[in-house]
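Hydrogens, waters and symmetry mates play no part in the numbers below; they use all other heavy atoms, side chains included. Proteins come first, then strands; the chains are lettered A, B, ... in the order of their sequence lines, and each starts at number 1. Note that the structure is predicted; figures quoted are calculated from it, not measured.
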Number of protein chains: 2
Amino acid sequence: METINIPTQTFKALGDPTRQQILGLLSDQELTIAQVAGHFDMTRAGVKKHMKILEEGRLITVRPKGRERLNSLNRDGFSAVADWVGYFDQFWDEKLNALKALVEEDLK
Amino acid sequence: METINIPTQTFKALGDPTRQQILGLLSDQELTIAQVAGHFDMTRAGVKKHMKILEEGRLITVRPKGRERLNSLNRDGFSAVADWVGYFDQFWDEKLNALKALVEEDLK
DNA sequence: GACAAGTAATACCTTTTGGTATCATATTGG
DNA sequence: CCAATATGATACCAAAAGGTATTACTTGTC
């Protein structure tokens with residue numbers, strides 16, 4: 001049996017509107033925490049907590065540049081979600097096959 | 001600009017291990033709330049709440065059968081997640097194109 | 001050392017999670 | 001048909017987790 005690891009932390013990270021917006025911002029360009037905070041009515045500390053959750057969900061990565069730390073999207077988390085959803089594609093395939101078998105049985 | 005609606009409720013529904021397990025059970029067969037509760041150390045009322053969240057995330061549907069109500073997977077939620085992830089695929093494409101452009105610039 | 005970015009600690013409030021209790025409804029047996 | 005039973009829906013409550021603001025501390029660059 002083929003198993004798949006469930007990206008719980010990734011889904012949790014995605015289940016918040018603020019974090020979704022942050023991802024949207026980062027899809028344009030990499031940003032510091034202060035720059036992200038500039039787009040919201042929120043303190044740097046508040047943004048930082050969301051960034052940590054996004055990082056734990058492997059949706060962003062951080063790289064130092066001078067005295068700043070630039071945050072950018074990380075493909076890992078997105079791939080994990082895509083894989084997980086793909087796993088359930090089996091289900092729909094089997095369901096369609098079962099339906100097809102039923103129909104063919106009817107035609108006999 | 002092409003927009004995409006963000007399935008927040010769906011991600012929220014997916015961000016819980018118990019609900020993920022429930023989806024796994026339902027990928028085998030449709031089940032009543034009582035049957036789902038049989039797989040967990042949880043009351044029917046507790047399970048019911050998870051089912052409601054899954055339903056709001058369009059991950060399951062319910063159909064009545066006698067005095068029972070059978071729960072099964074709903075493709076809508078899964079499709080929404082797939083679409084959303086697909087939207088971010090653009091990002092990786094653009095990033096690769098930018099990289100390619102840089103490399104070609106270098107070769108001049 | 002001064003400044004700006006980042007991080008840590010704390011407190012407050014809201015949301016989520018799960019339990020118990022209760023009620024309505026549908027089925028089944030007598 | 002009526003009583004007993006099983007299912008599921010809902011209301012209320014307590015504990016836990018999550019979100020935000022405030023304040024203060026650390027670190028890196030100039």
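Here dG18(D) presents its C1' atom at 13 Å from CD of E56(A), a figure rounded to the nearest Å. What separates NZ of K52(B) from C1' of dT16(C) is a distance of 13 Å, to the nearest Å. The interatomic distance linking L14(A) (CG) with dG18(D) (P) rounds to 15 Å, in whole Å. Atom C1' of nucleotide dG18(D) and atom CD of Q9(A) are separated by 14 Å, given to the nearest angstrom. One interatomic measurement links the two molecules: CG of N71(A) to C1' of dA5(C), which rounds to 12 Å at whole-angstrom precision.
Contacts of F88(B) classified as ring-ring contact (aromatic ring centres under 6.0 Å, His included), with partners at least two apart in sequence or in another chain: F78(A), W84(B).
For DNA chain C, the residues of residues 33-40 of chain A within the heavy-atom distance limit of 4.0 Å (strictly under) are I33(A), A34(A), sorted by number.
Counting heavy atoms from C-beta outward, S27(B) and L73(B) have side chains that approach closer than 4.5 Å. For the pair N97(A)/W92(A), no side-chain contact is recorded, criterion being any heavy-atom separation below 4.5 Å from C-beta on.
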Run the numbers on L70(A) and T32(A) for side chain to side chain contact (heavy atoms under 4.5 Å, CB included), then give the verdict. CA-CA 5 Å; L70(A) 294 175; T32(A) 65; 3.7 Å; yes

Residues Q20(A), T8(B); criterion side chain to side chain donor-acceptor pair (under 3.5 Å); working and verdict: CA-CA 9 Å; Q20(A) 290 172 352; T8(B) 307; 3.2 Å; yes

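Remark: I33(A) CD1 to K52(A) NZ distance equals 11.5 Å, nearest 0.5 Å. I60(A) CD1 to S72(A) OG: the interatomic distance, rounded to the nearest 0.5 Å, is 8.0 Å.
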When every nucleotide of nucleotides 17-30 of chain C is labelled 5' to 3' by its protein contacts under 4.0 Å (heavy atoms), B for base, S for sugar-phosphate only, - for none, what sequence of letters results? SBBBB----BB---

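The terminal axes of the helix from dG1(C)-dC30(D) to dG30(C)-dC1(D), fitted over 5 pairs per end, subtend an angle of 30° to the nearest 10°.
Legend: salt bridge (Lys or Arg N to Asp or Glu O under 4.0 Å) pairs involving residues 11-38 of chain A, not counting sequence neighbours, sorted by first then second residue: E30(A)-R63(A). Among residue pairs with one or both ends in residues 86-96 of chain A, none qualify as salt bridge (Lys or Arg N to Asp or Glu O under 4.0 Å); sequence neighbours excluded.
Note on R69(B): a side-chain N or O is less than 4.0 Å away from OP1 or OP2 of dA9(D).
In this structure, the side chain of N71(B) engages the main chain of L31(B) through a donor-acceptor pair within 3.5 Å. Distance alone, capped at 3.5 Å, is enough to place a donor-acceptor pair between the N74(B) side chain and the R58(B) backbone.
Nucleic acid contact class of K48(A) (heavy atoms, under 4.0 Å, all strands): sugar-phosphate only.
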